[in-house]
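What follows is one structure encoded as structure tokens, with my remarks underneath.
Just so we're on the same page: letters track the sequence lines, and every chain starts at 1.
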Amino acid sequence: MAPELLEELSQRKEPEKGLSPLEGAELGVVMRFAPNPNGPPTLGSARGIIINSEYVKRYGGRFLIRFDDTDPVKKRPMPEAYGWYLEDCRWLGAHPKEVITASERLPLYYDVAEELIRRGGAYVCMCSQADFKAKKDAGRPCVHRSKGPEENMAHWKAMLDGGLDVGEAVLRVKTDIGHKDPALRDWAAFRIVTASHPLVGDRYRVWPLLDFESAVEDHLQGVTHIIRGKDLMDSERRQKYLYDHMGWNYPRTIHWGRIKIHQFGSFSTSKLRAAIEAGEYAGWDDPRLPTVRALRRRGIEAEALRKFMIELGVGETDISISMDTIYAENRKLVDGIANRRFFVWDPVLLEVVGDVPRRAQAPLHPDRDRGFREIAAGARLYICRSDLDRFGPGDRLRLKDLCNIEITSIDPPRASFIDSSPETAKASKLSIIHWAPLDGIPVEVKGPERDDHGIGEPGIRAELDSVVQFERYGFVRIDSIDPVVAYFAHR
RNA sequence: GCUCCGGUAGUGUAGCUCGGCCAAUCAUGAAGGACUCUCACUCCUUCGACUAGGGUUCAAAUCCCUACCGGAGCACCA
């Protein structure tokens, strides 16, 4: 037997790792991620960006990003957010072949609407919302449903040119008014909105609703596979009526459940936006927020998010995940590259009598050969209050990479020098604590749960924008150096 | 009220399409240990699950029914 065949056989036995295969993707795929740009990408968006783009990488084809920004009022787009999405996509390694902005393509949707009217697949409904709901719930058509195409076209034109006003009419797609699922009966495709849109101003007064816009774009772009939230399952069934009227083929769809994160609870972009505007958070990259930019600022690598999302996979179950899994992924990536530095939180000044070395040489990394950092030492040093509290007079311990000491007094904090040999410490199994020099610099750490203040070794100033490990504390990204502010990633 | 979807260890996930190879995979987590001048990383060991009840079958996590639990839609929001 040919060796390739043997190999293939043994590979097939391997448990399927990563994303499960997509049906009908063998010839390549066209997939899209379609956000509403009313805030920056969150962890949930990251899932959509990563999974969709990952499938495109795997099967070949086109990855698109499409801004579903067709509500200038209730889900008013933020002009900055369009760029934020592109920026975060790039950072996540997803490179859209094309960027589509729905608000700039209304004429295309109008064309489809008119063709649909001609085909008798839609009608202008002038019922009040309440009246229509009553009819719909009863499964009965309203009087407008039986109008002919010419009359509908005239009413449609009136919607467009101002003959009808806000709230007076909508264009509905004909489905099955008696369908057993009330959610599918004659849905609204266009409504009149006169508010100005942040991107296109008041050029249009008739705006499509998501089901219509999304359905038409998916067809125009030749989307082959849609992955979307389970909450949009009915959308698919609604949109299929439109596809039937137009004679189009519906893409394959996959749905995923809601994703909740322990540490952040449930969040919605509009809630976050309100909280930020109320001053509860410093901005969209506040470390307490589950946005992609906040995670990036904290030193979470894109690769960690990618691995995590791929591991999560695509399932219809609603899931509740823990950031710990992302942190574990990131820790592995970052451990090998992060320099080690001393940061003493809640510092107390310790006086050591005796022949304490004037300087310490500490490795930048415990097991990669990256050389040493020099730290000024001396008789007076900072240590963590919590460390001091663990000891009493007579206790011996080691100051990492410096010397061994014996505590002589807690208040005031005093110790005496024993020797410098690491062997002594090893032989008597001394606890090893870290420290900061008298000429240490103030360091502030901003984290998702709390902020810490303390003193760090001056060399931290050389680490701007990189991820370092504060020994016995955790991984942080140095966000600024004058003064030093670090963002906490995880332990 | 009507309709739709889901329910595998603490948390996720594989397996379910085409029942047996599942005394159920992997990751994370927890516990213990090794290594280590960090409570990091790495390595080793251990813990831990098919929601419940019926049915079909020689055989069910896998098929069918019911119950329970969870989520969602029924907007001139996305």
Side-chain angles (χ1 to χ4, degrees), chain A residues 15-17 20 23 34-38 68-71 73-77 102 125 127-129 132-133 136-137 139 166-172 179-185 187-193 206-207 209-211 213-214 228-238 255 257-260 262 268-270 307-308 310-313 315-329 331-332 334-336 338 340 342 360 362-363 365-368 398-404 421-426 430-434 469-475 490-491:
Chain A
E16 193 76 43
K17 193 66 189 162
S20 40
E23 257 173 72
N36 177 332
N38 63 346
D68 286 342
D69 57 347
T70 54
D71 191 334
V73 180
K74 292 185 186 167
K75 295 248 165 120
R76 191 169 176 80
C125 172
C127 293
S128 73
Q129 243 179 105
F132 184 79
K133 180 173 168 48
K136 183 203 69 183
D137 285 347
V166 176
E168 285 184 346
V170 295
L171 184 75
R172 286 189 190 285
H179 197 286
K180 67 172 181 166
D181 185 347
L184 306 193
R185 300 170 188 163
W187 48 275
F190 286 85
R191 83 299 208 190
I192 300 168
V193 181
V206 175
W207 285 85
L209 287 141
L210 177 74
D211 275 324
E213 178 268 327
S214 177
R228 62 175 153 215
K230 234 180 12 172
D231 51 324
L232 262 28
M233 270 179 158
D234 287 338
S235 263
E236 170 176 348
R237 291 187 264 256
R238 279 194 285 263
H255 299 97
R258 278 215 173 282
I259 176 167
K260 214 166 54 188
H262 296 327
S268 72
T269 306
S270 31
K307 283 188 167 164
F308 173 76
I310 289 166
E311 169 79 17
L312 259 193
E316 289 196 15
T317 339
D318 296 322
I319 56 175
S320 176
I321 55 151
S322 168
M323 285 301 293
D324 290 345
T325 315
I326 294 179
Y327 294 157
E329 213 64 73
R331 195 177 291 121
K332 287 176 200 160
V334 131
D335 183 72
R340 269 48 174 177
F342 287 156
H365 195 280
D367 42 49
R368 310 269 159 128
R398 177 165 177 83
L399 298 172
K400 188 167 185 282
D401 303 313
L402 184 64
C403 65
N404 308 310
S421 159
E423 310 311 321
T424 313
K426 244 179 247 180
L430 299 185
S431 330
I432 296 164
I433 68 168
H434 68 293
Q469 189 200 45
F470 286 165
E471 297 201 40
R472 303 209 303 141
Y473 180 78
F475 293 90
H490 46 73
R491 289 196 57 89

Nearest-nucleotide comparison on RNA chain B, the residue closer to the 5′ end among Thr317(A) and Pro422(A)
Thr317(A)
Between Ile432(A) and His365(A), which has a closest nucleotide on RNA chain B that is more 5'?
Ile432(A)
In Watson-Crick or G-U wobble terms, both distances under 3.5 Å, what is the partner of [N]?
N	answer
rU56(B)	none
rU36(B)	none
rC16(B)	none
rC76(B)	none
rU28(B)	rG10(B)
rC4(B)	rG71(B)
rU62(B)	none

What integer number of Å spans the [atom1] atoms of [N] and [M]?
N	M	atom1	answer
rC64(B)	rG73(B)	C1'	27 Å
rC35(B)	rA27(B)	C1'	23 Å
rU11(B)	rA30(B)	C1'	12 Å
rA78(B)	rC68(B)	C1'	33 Å

Distance below 4.0 Å between Arg491(A) side-chain N/O and rA40(B) OP1 or OP2:
no
Are Lys400(A) and rU36(B) close enough that a side-chain N or O sits under 4.0 Å from OP1 or OP2?
no
His434(A) NE2 to rA40(B) C1': how many Å, rounded?
13 Å
Reading 5' to 3' through nucleotides 65-78 of chain B, protein heavy-atom contacts under 4.0 Å coded B for base, S for sugar-phosphate only, - for none
-----BSSBBSBBB
Set out, in order, the CA-CA distance, both residues' side-chain angles and the distance that settles salt bridge (charged side-chain N to carboxylate O under 4.0 Å, His left out) for Asp71(A) and Arg191(A), then state yes or no.
CA-CA 10 Å; Asp71(A) 191 334; Arg191(A) 83 299 208 190; 3.2 Å; yes
